[in-house]
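What follows is a short report on a single structure.
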Amino acid sequence: MISLKSVSKVYLLGQTQVKALDRVSLEIKRGEFVAIIGASGSGKSTLLHLLGGLDRPSNGQVIWDGQDLGQMSDQELARFRNQEIGFVFQQFHLLPRITVLENVLLPATYAPQKNLTQAQTRAKTLLSQLGLSHRLNHTPNQLSGGEQQRVAIARALINQPRAILADEPTGNLDSKTGRQIMTILKKLNQTQGITLIVVTHDPSIAKEAKRVIEIKDGKIK
Ligand SMILES: Nc1ncnc2c1ncn2[C@@H]1O[C@H](COP(=O)(O)OP(=O)(O)OP(=O)(O)O)[C@@H](O)[C@H]1O
Ligand SMILES: [Mg+2]
């Protein structure tokens, strides 16, 4: 279970305070597929970042299975993210100068108990399952957008996370490729019970989720 307890996030822009999230409380159960929707600037990415421990709230608590992320040191939080969560972003965020296989392996090289031989095998299996066996030694700029996002999904899965947090994962893709990416994510949720939280502008994606959370002006609507 993931709980947010009265979470706020205030950004300081010079002298101005921007209240990106305003006392948001919610609970997401293990294995759920939740879509987060709302207008541009409403606070969706901020919410996802706080849920995933990429950033810390100004107030309130983010709790995963009883573990309060706010009580963790930066190092503990980095380890938590590395072990428990797979992130997928609109811009893919692959490293351009290393190969597909190396990109997928990267989170495994940061893992505390490294077994790189095992990770290599797992990376190749994941890439093969995602239809990318023939692309292992390519660099990201040699791939299409849909292929790059599949590499990002393989990277998100390499450490066997409990949850995938995706911020507009189809935002840079045409609608057909976007549907393929969503099919992959949904299947991971359905067959492996991986909790899936997807920020999206796309009503057809939101419709597929079991639950839709709408954010307006930093609050749950
Ligand atoms: N690092 C930052 N510094 C200052 N203000 C920020 C920062 N990040 C976000 N904001 C502000 O916080 C608010 C919420 O931003 P957020 O990125 O969460 O919106 P969003 O719903 O994801 O929008 P979009 O759909 O355009 O991605 C916006 O007003 C934004 O300008
Ligand atoms: Mg956003």
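Read the numbers this way: they start at 1 and go in the same order the structure lists the ligands and their atoms. These numbers come from a predicted model, not from an experiment.
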Considering only protein heavy atoms, determine whether one is less than 4.0 Å from atom 10 (N) of ligand 1.
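Protein heavy atom within 4.0 Å of atom 10 (N) of ligand 1: present.
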When you measure from the Mg ion (ligand 2) to the N, O or S atoms of S45, does any of those distances fall below 2.8 Å?
yes
So, 4.0 Å and heavy atoms of G41: is ligand 1 close enough to count as a contact?
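Within the 4.0 Å threshold, so yes.
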Any heavy atom of K19 closer to ligand 1 than 4.0 angstrom?
no
Looking only at the side chains, is there a donor atom on one of D68 and Q61 sitting less than 3.5 Å from an acceptor on the other?
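A donor-acceptor contact under 3.5 Å links the two side chains.
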Just by distance, no angles: are the side chains of S204 and D202 close enough, under 3.5 Å, to form a donor-acceptor pair?
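Side-chain D/A pair, S204 to D202: present.
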Of all the atoms in ligand 1, which lie at a distance below 4.0 Å from a heavy atom belonging to [X]?
X	result
H201	25 (O)
T46	14 (C), 15 (O), 16 (P), 18 (O)
A20	12 (O), 13 (C), 14 (C)
A39	21 (O)

Does a side-chain heavy-atom distance below 4.5 Å link [X] with [Y]?
X	Y	value
I85	I164	no
V10	V18	no
I28	T195	yes
P96	N141	no
V34	V198	no
Q129	L126	yes

Among protein heavy atoms, which sits nearest to [atom], and what does the distance come to when rounded to 0.1 Å?
atom	value
atom 6 (C) of ligand 1	Y11 CD1, 3.2 Å
atom 26 (O) of ligand 1	S40 OG, 2.5 Å
atom 25 (O) of ligand 1	K44 NZ, 2.7 Å

Between ligand 1 and [X], is the shortest N or O to N or O distance under 3.5 Å?
X	value
L13	no
V18	no
S42	yes

Electrostatic pair K44-D167, nearest N-O below 4.0 angstrom
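Answer for the salt bridge query: no.
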Quick one: pull up OH in Y110 and CG in L105 and give me the separation to the nearest 0.5 Å.
12.0 Å
Of G218, S45, G171, the residue with the heavy atom nearest atom 22 (O) of ligand 1 is S45
